[in-house]
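The structure under discussion appears below in the form of structure tokens.
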Amino acid sequence: MSTSDSTPKERYNARLAAQIEAKWQDRWEIQRTFEAPNPAGPLAEPTKIAGRHKLFILDMFPYPSGAGLHVGHPLGYIGTDVFGRFKRMNGFNVLHALGYDSFGLPAEQHAITTGVHPRENTESNIANMRRQLRRLGLAHDARRSVSTTDEGFYRWTQWIFLQVFNSWFDADRGIARPISELIAEFSSGKRSTGTKSWNEMSSREQKQLVNDHRLAYLADAPVNWCPGLGTILANEEVTAEGRSDIGNYPVFKRNMRQWTMRITAYADRLLDDLDRLDWPESIKLMQRNWIGRSEGARVRFASRAGDIEVFTTRPDTLFGATFMVLSPEHPLVEALTTDTQRAAVDTYRSTASSITDADRQSDTRAKTGVFTGSMATNPVTGKEIPVWIADYVLMGYGTGAIMAVPSGDERDFAFARTYDLPIVATQMPPDSWFAGHGIASTADCTTWPEAFVGEGTYINSRNDNDASSPSSLVLDGITDMATAKRRTNEWLEARGVGQSAITYKLRDWLFSRQRYWGEPFPIVYDEDEMPVAVPDSLLPVTLPELSDFKPQALDPNDEVTDPIPPLARRADWVHTEMEIDDPITGVKRPMAKVRREINVMPQWAGSCWYELRYLDPTNAAAFIDPEVEKYWMGPRHEGHTGGVDLYVGGVEHAVLHLLYSRFWHKVLYDLGHVSSEEPFHRLYNQGYIQAYAYRDERGQTVPAAEVQEREGKYFFDGQQVSREYGKMGKSLKNIVTPDEMYDEFGADTFRLYEMSMGPLDQSRPWNTRDVVGMQRFLQRVWRNLVDEDTGQLTVSETQCPEHLLRALHIAIDGVQRDMDGMRFNTAIAKLIELNNALTKHVEATGSTPRVVAEALTQMLSPLCPHVASELWERLGRTDEITYARFPVADPSLLVSDTMEIPVQINGKVRSRLVAPTGSNDDQLKALALADEKVRIALAGAEPRKVIVVSGRLVNIVA
RNA sequence: GCCCGAGUGGCGAAAUGGCAGACGCGACGGACUCAAAAUCCGUUGCCUGAAAGGGUGUGUGGGUUCGACUCCCACCUCGGGCACCA
């Protein structure tokens, strides 16, 4: 925006905005305006808390990217800032801070290519992000801006890891307990140690037994090995295509010994407590699906190789189980395979192992499988059924084996048809099902085109003619699935061939990474090669310096070479001496040689608990003072989960971060370290800012900023280009940065524009061209209060005319409610309407009544705090607008003497009439029928019915 | 394939059973200016009409209701999640 000589000196434009914004940002910093008092601990100021409600609002932890911010990033930050500022003006003690999730792969990859230490790179990125965000005027408490890479922070990440390591899950009570209590139960004999008694066990055996119960444990498990990144990944970090979420490298399944967290122990609580959270239903659903709880039964089928156990959600269809299918990797396959089938089975198994996950998941693939040659006994029918192997049965779910009920399961049906296996109906489908498929109703499945899945009367489901015999199971005639399932489970349990069971899709959480830039594990290995906690007094275990950050050079497709983590290169660091506490007795041992853990934690570790550290960032004695935690996060009432009052962030963290942090929080809760059961009580997903991108005829993206629009077509450099729509990003050449907005319009206009575009939870396209509307609005507000040429206030102390006062209070009422509901776009619309009404008054009288000037300024303050603060000061107010009470609407000014009532005939508006406020229904009816337009429209016809909605509308049915 | 969510002017959107399109952008007309930019004022869903006015209109088709963008059923399109989970 150019500023020529003719522009009034005191016009509100980018130049003036920049001055005002810098002035107030400096002042807020000096006066420490946004520091929130704590009830206890190092930041305690108890007197400032008395009589105030608290509010803890939180933005999702950002990674300090080297690319800097674009205008999409701050959307949520502005939203929480506006909400927090509004709540401050309503008396709340608001805690709002922003820290940095600064460990992670990008800085390490950058270090590998440039040789710059990840710490240096990370710190300069954080400095740049802080600068960009400070310019936005966010009301953050700067004291609380922690980074996960700070030693003072990851000391406590390590401490929490040790809390998890030093606890076990007591399934009877459904909670985590200290590992010392498990050891006491083992040594006293209260809890069985298996075949060998505790005292007969060697020290190594005791440690192994205990380790197998820890919530953080080492396990040989199939892991996602990504040679391209030189590390393994959690299931959640692998895409559906079998590639890495970061970098899109191939991922291979293989067995490795890794740190694992027993999140599956918490599956039920993680699932059940979703009901107690104020989260979007879609996110709850995604978590429910990810946890994937299925209720059913485990059933054992006898075979010559021993019992084959299956998991099924439909034990009620057991009578229809006409064959079994094992995963090709199932351990019993070897023993079940007969000599005649050996060659076919071996061929199938080797083919199956060479097929990638991606191919195996292709939905167009036909069912394949091979008969093992062995039979198994269906426990309810006593019949011998063939045992097959097929790759549609996965080793990773249930028991890796299924009973196939082709009449009731699509996959089994397809398999049975392919290999001509018998299909027996156990439920009679309703007539409508047959009609829908155009076939006659029959229990003979040979004509069925597909399996029947649903409720139907049970048939062919009895194993004894005498239904009263205790040995019989009779389902025939039952019409509901729940009863049939219950009966079957009872029968299975009584006969000892099965029992009801629950399985989950959720797997334990793979917690180690073979990288450098992460938290080192506070773990060493003792003389038995058993993991032992580093004593608390030696925390933090800091990262040793390295001269070269490259992981071993691996081809992205090399799936055989083992990973060697970068920390292994520092042999002097790995092999050290330490006075550890005995993992069984807890007694301090003399100095002895130990070997350090060389893996590091995944990036999720820090983000699993950062919100707690915001609350007490400088506490050196504890990760958080219990009183501070209770104040900010404690449950609000009986049955309340506690947690952050408002958590705003993108939907992309629906399962990863939000599930992991809930898990850690619950462990901390069980161990008595926090009073809240959940970390985030209310979750709000902001939408994304998207942008148009343009490509020329070769398919190359061209700079979006230089594209011209003419008659609905788009041109770059004279050539027509095609338009597409997507995320803002470097590759699409459509980035707009906050810095450009600051230069062109100022931070307040930018904030206002982002909030006015639409509801916060919706994605929308960025349009730089539209920003000017909010600039004009602020300019008009400014001009209504300040003379553009002289800078003099144009505010009058005289009475405000009633119509303007009414407009003011209607605006106050609406804005108050919109802000409370985070509908900032409609709040802004109401403020514009008020200002438009004010503009008419100023045009007529030359000044703004003080009452309107002050209230308008206050209402603007959460949205555009700099210009509001400046106007507040110019209005002669010496108090801080940040804490000035938000205006309150006078109810008597919200109603006027008259009201306009629309009159409909058959639901279409034909007239409007003005009636005195408070007119009763009969009066409205009479007025409506007497109305000139109504009489013309009715043309003498007698209305059949007249509906009066009190005080709102009249509808005449003609 | 299964499960969610969304479809309203040229564009971003508002109205959640009671006046469809608040508010903003753009466009058009005007004021100011030597001129342009900036700023200000006015008009602006579509069709029809000189105008007053009339008709029509919230993805499509049906239903409930005195009255439907809003509730119900079916379908279409787009976006997201999951995907052989037994």
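Labels below follow one simple rule: chain letters A, B, ... track the order of the sequence lines, proteins then strands, and each chain is numbered from 1. What you see is a predicted model, and the numbers here were worked out from it, not measured in a lab.
- If you check rA51(B) for Watson-Crick or wobble pairing at under 3.5 angstrom, you find it has no partner at all.
- Taking only distance into account, the side chain of K367(A) meets the base of rC84(B) through a donor-acceptor pair shorter than 3.5 Å.
- Taking syn as a glycosidic angle within 90° of 0, rG9(B) qualifies as syn.
- Counting only heavy atoms from C-beta on, T826(A) has its side chain closest to rA15(B) among rA15(B), rA86(B), rC66(B).
- rC78(B) and rG62(B) are spaced 23 Å apart, taking the C1' atom of each and rounding to whole Å.
- Within the structure, every side-chain polar atom (N or O) of Q904(A) is placed at least 4.0 Å from both OP1 and OP2 of rG18(B).
- In this structure, D761(A) places its CG atom 11 Å from P of rA13(B), rounding to the nearest Å.
- OP1 or OP2 of rG24(B) sits under 4.0 Å from a side-chain N or O of N836(A).
- Between S294(A) and the phosphate of rA86(B), there is a side-chain N or O to OP1/OP2 separation shorter than 4.0 Å.
- Relative orientation of the W766(A) and Y753(A) rings is perpendicular, given thresholds of 30° and 60° on the angle between their planes.
- One finds a side-chain N or O of R776(A) lying less than 4.0 angstrom from the OP1 or OP2 phosphate oxygen of rG26(B).
- The side chain of R783(A) contributes an N or O atom lying less than 4.0 Å from OP1 or OP2 of rC40(B).
- In this entry the distance linking CG of N906(A) with P of rG55(B) reads 13 Å, nearest Å.
- Judged by distance alone, with hydrogens and angles left aside, R769(A) brings no side-chain donor or acceptor close enough to the base of rC25(B) to form a pair under 3.5 Å.
- Nucleic acid contact class of N955(A) (heavy atoms, under 4.0 Å, all strands): base.
- Figure legend. rU56(B) is base-paired to rG45(B); pairs are counted as Watson-Crick or G-U wobble with both atom distances under 3.5 Å.
- Under 4.0 angstrom from either OP1 or OP2 of rA14(B) there lies at least one side-chain N or O belonging to N825(A).
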Working for salt bridge (Lys or Arg N to Asp or Glu O under 4.0 Å), residues R288(A) and D275(A): CA-CA 11 Å; R288(A) 286 192 190 108; D275(A) 295 337; 3.1 Å; yes

